[in-house]
*Asks:* 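My structure is below; once you've seen it, I'll send some questions.
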Number of protein chains: 2
Amino acid sequence: MKSVQIETGHVSIYDIASVAGVNPSTVSRALNNRDRIGTETKERILKIARELGYQPSAVARSLVTSRTLTIGVVAPFLGEMFIGRVIDGIESTAEKHGYQVMFSTSRHDPDRELKIATSFQRARVDAVIIVTTHLRSTHEIFARTLGVPVVVIGQQDRDSEIPVVAMDDALAIRQAVEHLLSLGHRSFGYVGVSDRLSSNSCRANAYLDTVRQNLPDSTVHVTTPCNKNDLSRGEAALPELLKRGITAVQCYNDLVAMGLLSAALRMGLDIPGDFSVIGFDDLEISAALPVPLTTIHQPRLRLGRHAVEMVLELLNGAPVSQRMLSGDLVIRQSTGKPGNRGK
Amino acid sequence: MKSVQIETGHVSIYDIASVAGVNPSTVSRALNNRDRIGTETKERILKIARELGYQPSAVARSLVTSRTLTIGVVAPFLGEMFIGRVIDGIESTAEKHGYQVMFSTSRHDPDRELKIATSFQRARVDAVIIVTTHLRSTHEIFARTLGVPVVVIGQQDRDSEIPVVAMDDALAIRQAVEHLLSLGHRSFGYVGVSDRLSSNSCRANAYLDTVRQNLPDSTVHVTTPCNKNDLSRGEAALPELLKRGITAVQCYNDLVAMGLLSAALRMGLDIPGDFSVIGFDDLEISAALPVPLTTIHQPRLRLGRHAVEMVLELLNGAPVSQRMLSGDLVIRQSTGKPGNRGK
DNA sequence: CTGTTAGCGCGTTCAG
DNA sequence: CTGAACGCGCTAACAG
């Protein structure tokens with residue numbers, strides 16, 4: 001049993017056809033498990049293919065079938081904590097349906113997004129998934145010029161022509177506010193971010209509205225520091241929050257909350273004694289902070305899964321509408337009753 | 001100026017050839033900016049191509065050139081904090097040289113790795129980059145059966161046939177130990193991980209050796225909790241560390257250090273008063289912890305960059321040898337003089 | 001300078 | 001049940 005490894009170039013169905021003494025098309029039928037072929041010759045061909053280490057060329061196949069079985073995915077960054085499980089969801093679902101995934105990072109740069117769009121176009125991807133918190137008009141153009149199904153993950157504010165799967169931020173924020181109200185809080189703060197405005201204002205507005213609905217006379221202070229990253233934004237927000245005597249603060253996401261929490265602990269403050277903090281996302285590390293963070297869980301894996309399913313339906317010509325997933329408040333130790341200072 | 005958008009299928013060089021009244025090969029020459037073509041006809045063809053919204057088919061081109069200009073990248077996970085900047089380095093460098101990148105996650109699963117290998121093979125990627133802390137024998141097979149250049153990022157313990165770019169862990173650990181020694185520490189601890197054994201033992205051994213070389217009579221305690229993630233491993237190590245009166249601890253990475261730090265703070269301990277902590281990686285969040293973490297910085301962007309450069313050299317037939325990058329100790333607030341309890 | 005021809009590796013008609 | 005021929009979109013040899 002010697003394995004013959006062809007070093008130069010790849011083995012094609014021609015090679016295996018000549019070894020088997022049959023026509024290439026017969027090999028093709030055997031490999032693709034088609035009807036009109038004898039069981040014995042099929043077995044023989046498959047055996048030879050295995051011995052020769054044959055691997056079908058996806059590019060040749062794509063050229064003739066005019067499908068690449070590939071989904072392009074654009075995200076602002078890979079390697080951010082939020083995106084990890086979303087990617088898992090996308091990759092595993094796509095794989096289950098025989099699709100490959102091609103990732104690219106946009107870095108929030110519209111120029112890069114355009115380059116990626118043309119890159120995907122040249123690669124002839126069958127569909128595209130965009131992960132973004134901010135659906136710009138460029139994305140609509142992106143989708144239209146692409147000429148293939150496009151699905152967006154993560155934006156739920158504006159309604160667009162592009163099918164979207166997202167979490168219902170407002171609904172989740174409402175849960176958070178109710179939690180804070182039930183604890184007895186009366187003066188509220190919100191720490192936002194300056195670089196994801198549409199997503200940020202969606203959360204901020206939900207927060208403001210819910211507080212005001214329940215407690216018309218309460219104080220709500222919104223601050224959006226413009227530091228270079230989320231952690232330092234949270235940190236920067238602390239002095240103002242303290243000055244205003246705020247007892248409960250919702251942050252745009254867990255990283256902001258983490259920055260705020262760290263800064264507070266460094267000052268010797270007690271959380272939630274001095275004030276309560278709620279995050280957004282439920283990152284893996286959030287449960288392991290010095291004060292485990294109360295936060296809103298995003299079903300990130302499911303976001304990825306749904307996006308792929310929507311893409312596949314679109315590919316099948318089925319009509320697809322927006323999907324709204326609900327997130328849940330995860331109560332840990334960063335929230336408590338107000339006014340416990342020095343407890 | 002009307003833009004004609006072909007909805008069904010893509011425009012090919014045949015389409016633009018028939019519009020321009022020339023032969024498809026002429027179009028090809030014009031598009032690829034070849035020599036033997038008239039300036040005027042070239043301009044005319046390019047104009048028509050633009051108007052038709054032509055995008056060359058990468059799959060057709062790949063079929064004939066037998067190069068896909070694509071580099072396959074396998075990492076245990078995307079969306080981990082460590083991998084982010086590595087990917088940035090890979091993507092930007094590849095892009096600069098006209099290459100695309102195709103990511104896949106192995107999840108530390110050898111079966112998945114094999115599937116990815118064949119997937120890359122079918123996609124006819126020109127080269128592969130493997131990100132791993134543990135180079136198993138399967139990777140060697142992977143590389144050999146692939147038939148294209150393979151480069152590994154992240155493993156520096158064993159020497160392999162595959163070209164590797166990595167950080168010199170031992171050298172960096174030595175810096176860390178010297179820092180601890182100069183602060184006056186005498187009883188040392190190391191918190192490791194149980195699921196990346198080769199990488200872990202490399203760091204642990206460097207730690208042990210350096211301590212013993214400098215201080216033969218000192219105490220060194222190594223513990224490797226086998227909890228499910230790095231954060232809880234750090235947390236789990238705390239009681240034992242305290243019981244043994246250890247004053248200085250090196251952790252396998254920043255996540256372990258973070259878990260340890262959080263647990264210590266939750267217990268009301270003072271860091272570095274009660275004991276000093278050093279991490280490994282220098283993640284973005286490590287500087288923003290309640291006690292900013294002293295840690296070893298990994299040049300992650302450069303790891304990615306070098307890997308691509310090595311791959312390109314290999315593609316050019318140039319011989320490539322291992323590359324060792326050096327990391328630097330970043331001293332923050334989690335390390336200090338020993339015996340300051342209650343300071 | 002441009003047109004003609006061939007072929008990359010494969011799927012898919014058609015005949016046989 | 002199998003072989004022959006064609007075409008996917010493009011590049012690269014040749015001719016002209």
Side-chain angles (χ1 to χ4, degrees), chain A residues 6 8-46 48-49 52-70 98 118 121-126 147, chain B residues 6 8-46 48-49 52-70 98 118 121-126 147:
Chain A
I6 314 278
T8 80
H10 286 269
V11 328
S12 79
I13 56 171
Y14 280 83
D15 300 316
I16 128 161
S18 70
V19 172
V22 296
N23 191 280
S25 64
T26 308
V27 177
S28 176
R29 279 190 284 259
L31 262 27
N32 296 352
N33 207 14
R34 284 303 168 81
D35 304 16
R36 296 107 140 304
I37 192 167
T39 322
E40 49 187 31
T41 44
K42 178 155 75 176
E43 294 297 338
R44 193 161 55 87
I45 288 171
L46 290 179
I48 293 171
L52 260 46
Y54 170 79
Q55 290 293 358
S57 163
V59 344
R61 182 174 294 179
S62 294
L63 187 59
V64 57
T65 61
S66 69
R67 308 189 315 161
T68 52
L69 296 177
T70 299
T118 70
Q121 217 168 155
R122 297 153 105 97
R124 299 291 192 264
V125 298
D126 294 335
Chain B
I6 316 278
T8 82
H10 287 269
V11 328
S12 78
I13 56 171
Y14 282 81
D15 300 318
I16 128 162
S18 70
V19 172
V22 295
N23 192 280
S25 64
T26 308
V27 176
S28 176
R29 279 190 284 260
L31 260 28
N32 297 349
N33 206 14
R34 286 303 167 81
D35 303 16
R36 296 106 139 305
I37 192 168
T39 323
E40 50 187 30
T41 44
K42 177 155 77 176
E43 294 296 338
R44 192 160 55 86
I45 288 171
L46 290 178
I48 293 171
L52 258 49
Y54 170 78
Q55 291 291 359
S57 164
V59 345
R61 182 174 294 178
S62 294
L63 187 59
V64 57
T65 61
S66 69
R67 308 191 316 160
T68 53
L69 296 178
T70 299
T118 72
Q121 216 167 155
R122 296 152 108 95
R124 299 290 192 264
V125 298
D126 294 335

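On a predicted model such as this, the values are computed, not experimentally measured, just so you know. Each chain gets a letter, A, B and so on, in the order the sequences are listed, and its residues count up from 1.
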*Asks:* Got a list of protein N/O to nucleotides 13-16 of chain C N/O distances below 3.5 Å?
*Replies:*
none

*Asks:* 5'-most contact on DNA chain C: B:N23 or A:P24, nearest heavy atom basis?
*Replies:* B:N23
*Asks:* Is there a side-chain contact between B:I13 and B:Y54, using heavy atoms and a 4.5 Å cut-off?
*Replies:* yes
*Asks:* Who passes side-chain contact (heavy atoms from CB on, under 4.5 Å) against B:T68, sequence neighbours left out?
*Replies:* A:V59, B:S62, B:T70, B:R124, B:D126
*Asks:* Taking atom C1' of C:dT2 as reference, at what distance in whole Å does atom CZ of B:R44 sit?
*Replies:*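 So the CZ-C1' distance, B:R44 to C:dT2, works out to 12 Å.
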*Asks:* Return the minimal non-hydrogen interatomic distance between B:L31 and B:A49, and the atom names on each side.
*Replies:* CD1-CB, 4.2 Å
*Asks:* Short question: side chain of B:N32, backbone of B:R29 - any donor-acceptor pair under 3.5 Å?
*Replies:*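 The answer is no, because no donor-acceptor pair under 3.5 Å joins these two groups.
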*Asks:* B:S57 or A:T41: which one's nearest nucleotide on DNA chain D is closer to the 5' end?
*Replies:*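 Nearest nucleotide further toward 5': that of A:T41.
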*Asks:* Check the distance between C:dG11's C1' and B:R122's CZ and give it to me in whole angstrom.
*Replies:* 15 Å
*Asks:* Please work out which residues in residues 63-70 of chain A have a non-hydrogen atom less than 4.0 Å from an atom of DNA chain D and list them by number.
*Replies:* A:L63, A:V64
*Asks:* Within this structure, what is the NZ-to-P distance between B:K42 and C:dG3, rounded to whole angstrom?
*Replies:*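 That distance rounds to 16 Å.
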*Asks:* Considering the terminal five base pairs at each end of the helix from C:dC1-D:dG16 to C:dG16-D:dC1, what angle separates the two local helix axes, rounded to 10°?
*Replies:*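 For the helix from C:dC1-D:dG16 to C:dG16-D:dC1, the axes at opposite ends meet at about 50°.
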*Asks:* Report all side-chain donor-acceptor pairs from residues 38-46 of chain B shorter than 3.5 Å, counting only partners two or more places apart or in another chain.
*Replies:*
unit_1 : atom_1 : unit_2 : atom_2 : d
B:T41  : OG1    : B:G38  : O      : 2.9
B:K42  : NZ     : B:N33  : OD1    : 2.8
B:R44  : NH1    : B:A20  : O      : 3.0

*Asks:* Could you give all pairs that pass the side chain to side chain donor-acceptor pair (under 3.5 Å) test and reach residues 17-28 of chain A, with sequence neighbours left out?
*Replies:*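 Checked against side chain to side chain donor-acceptor pair (under 3.5 Å) - neighbours excluded - the pairs reaching residues 17-28 of chain A are A:N23-A:S25.
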*Asks:* Could you report the tightest heavy-atom contact between A:L69 and A:G98, atom names first, then the distance?
*Replies:*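 Scanning both residues completely, I find the closest heavy atoms to be CB-O, 3.9 Å.
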*Asks:* I want to check something: taking the side chain as every heavy atom from C-beta on, are A:S57 and A:H10 in contact at a cut-off of under 4.5 Å?
*Replies:*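 A side-chain contact under 4.5 Å is absent here.
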*Asks:* Applying side chain to side chain donor-acceptor pair (under 3.5 Å), can you list everything that pairs with B:R67, at least two apart in sequence or on another chain?
*Replies:*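 Side chain to side chain donor-acceptor pair (under 3.5 Å) check on B:R67 returns nothing, list empty.
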*Asks:* Quick check: on DNA chain D, is the nucleotide nearest A:G21 upstream (toward 5') of the one nearest A:Y14, or the reverse? Name the residue that is more 5'.
*Replies:*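 Its nearest nucleotide lies further toward 5', so the answer is A:G21.
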*Asks:* Indicate, with a heavy-atom threshold strictly under 4.0 Å, whether A:V59 touches base, sugar-phosphate, or nothing.
*Replies:*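 Nothing: the residue A:V59, judged by heavy atoms under 4.0 Å, touches no strand.
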*Asks:* How is B:S12 classified with respect to the nucleic acid when contacts are heavy atoms under 4.0 Å: base, sugar-phosphate, or nothing?
*Replies:* sugar-phosphate
*Asks:* Give the first and the last nucleotide of DNA chain D, reading 5' to 3', that has any atom under 4.0 Å from a heavy atom of chain B.
*Replies:*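 The contact span of chain B on DNA chain D goes from D:dG9 to D:dA15.
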